[in-house]
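Please read these numbers as outputs of a predicted model, since none were measured by experiment. One is the number of the first residue; the rest follow in order along the sequence.
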Amino acid sequence: MRLFGQAEGALCLGEERRQDRSTWQQETLDPWLKRAPQRQESFTTLSGLSLPVVADGDDLDSGSIGYPGTYPYTRGIFPTMYRGRLWTMRQYAGFGSADETNRRFRFLLGQGQTGLSVAFDLPTQMGYDSDHAMARGEVGKVGVAIDSVEDMQRLFQDIPLDQVTTSMTINAPAAILLLMYEAVGRRQGVSPDRLGGTIQNDVLKEYTARGTYILPPAASLRLVTDTFRYCRDHLPRFHTISISGYHIREAGSTAPQEVAFTLANALAYVEAAQAAGLEIDSFAPRLSFFFNAQSDLFEEAAKFRAARRLWARLMAERGAKDPRSLQLRFHAQTAGSALTAQQPEVNLARVTLQALAAVLGGAQSLHTNAYDEALALPTEHSALLALRSQQVIAHETGVADVVDPLGGSYLVEQVTNRIEEEARALIDEIQDLGGAVAAIEAGFVQRKIQDAAYRYQQEVEQGRRKVVGVNAFQAPEQERPPLLRVDADVEARQLERLADLRGRRDPEPVAVALDSLERTARGQGNLVEALAVAVAAKATLGEMVGTLVGVYGRYRPKETV
């Protein structure tokens, strides 16, 4: 009877609220709108979701909101969230040589950073050694150059790998970099089961948004699932993949598209692993995600909540039983595409608000961009300011003291619902096309992103979407802040080290290991096990990738227009 009375009371309250809103609309709002001009014709989120003048709670489903640490995890994957432990402050860094990046790592750790995040240069990401013709002029420019396990050892010199967790933004050759990291841990005396961190390893989004793919999709998925299996057996604390919506959003997608395409890719990895004979609960707890934090504060907080809830539901539908398999763990990075070269100091405000959105949305780790990154790699000074913005949010604002402080907000709950609904509809479309790989090969995902990016750019160029310093509140050209310049001699020194390695190592074990890798690629064994032997023999990144390319070829995209 008590429960019935509560439900009956809630229905009465809902009807009373609707009557109150109708009265307010007729007697207050409508007359006001007739005589008071509005700033613009319509109001929408950054993704184009229409916004009401005022939100109310008539359509809220309290069961979908729930409580932190319980299904469907809308309000967070842990009951106490940041009260128990703050998010990991994982500043992204990497440039020039391994030695230079090591110095930046140790500087940031000394300033209170709590995790490492490695940026690799473009040749490393594309699987080329630094002396390859395709690497010329790019060595060490947008990240650190890693050709061998010896480079990896220099990168983590004097950093105890059992006391930090490391995230590596590497995709197509992710397994190779992970194995090099494991080898460095062994050299430090750290057993693999004590190493923690994440490899991005999300190749599917490379075909749609970022472009650093190497192998065709089928071969890439085999390498991903072999990595799942290898880490299950050897590196149990490592997150085997960070499925990335960040680059999808950077390419111009909307918030619902970012959620949909990311989770659709995740489902493709789940299905590939199951097809390879892995039980869903044997690998799903080690899946993680990587999202963009844009400037629309409430939409972004709602986006993270919607992604968490939708993932829990999708995994439950696929038979996952372990609660950890249902919990969406994610890293967030503030939006590089939102940084402006004009009035770059204003980026400090943008980055702080984007970071706040990620925290309000319940991120497990966070990178904040430096204000000068629209112009160059961050200086030590700008990188420190970016870290300090996280520390101010964590320790001075109070937002980390209450779990999901925006939970129950009429606006945030409504936007959470709408993002989930739109994302679910897109995922259903992708599944009808045959899944993420088929949708990518058909150009479906690419076209959706391109259309959204075009609409946004039109809004900016027509002045309907204001960007401070770009199309609004412009200022005369100011002197640029001091910028980081990568030493021009980095490439020459890296080539010398690579040549020295090749001259010192025993070529026979390298040849045997690469031959075994080729035979495994043509057969049925675990590719990562074969790669581990090649890493131990001191094969280079380019030699290992070249062997795989010799079997599978390099992927060439189809025209999508």
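Between the side chains of N171 and K205, at least one donor N or O sits under 3.5 Å from an acceptor N or O. Side-chain atoms of D202 and S244 include no donor-acceptor pair closer than 3.5 Å. Defined by atom type and a distance below 3.5 Å, a donor-acceptor pair is present between the side-chain atoms of R305 and T416. Looking only at atom types and distance, the side chain of Q390 has no donor-acceptor partner in the side chain of R90 under 3.5 Å away. Side-chain atoms of R388 and T368 include no donor-acceptor pair closer than 3.5 Å. Side chain to side chain, Y269 and Q274 fail the donor-acceptor criterion of an N or O pair below 3.5 Å. In the model, E299 has a side-chain atom that pairs as donor or acceptor with a side-chain atom of S47 under 3.5 Å. In summary, the side chains of D147 and S130 do present a donor paired with an acceptor at a separation below 3.5 Å, with no hydrogens or angles considered. Between the side chains of R309 and N417, at least one donor N or O sits under 3.5 Å from an acceptor N or O.
Between L366 atom CG and W87 atom CH2 the span is 7.0 Å, to the nearest 0.5 Å. Taking CD from Q111 and CG from L387, the interatomic distance works out to 7.5 Å, rounded to the nearest 0.5 Å.
Taking the six-membered ring where the residue is Trp, H132 and Y128 present tilted rings, their angle falling between 30° and 60°.
Side chain of E373 to backbone of A370: a donor-acceptor contact under 3.5 angstrom is found. With hydrogens and angles ignored, the 3.5 Å screen pairs no side-chain donor or acceptor of E258 with any backbone N or O of R249. Counting only distance, with no hydrogens or angles, the side chain of Q446 and the backbone of I440 share a donor-acceptor pair below 3.5 Å. Of the possible polar contacts, one joining the T124 side chain to the I146 backbone as a donor-acceptor pair under 3.5 Å is found.
For the ring-ring contact (aromatic ring centres under 6.0 Å, His included) with F330, the qualifying choice from Y73, F290, F304, F289 is F304, the only one to do so. Each of R308, R313, K303 was compared with E420 under the side chain to side chain donor-acceptor pair (under 3.5 Å) criterion, and only R313 meets it.
A salt bridge is defined here as a Lys NZ or Arg NE, NH1 or NH2 lying under 4.0 Å from an Asp or Glu carboxylate O, and D451 with K448 fails to meet this definition.
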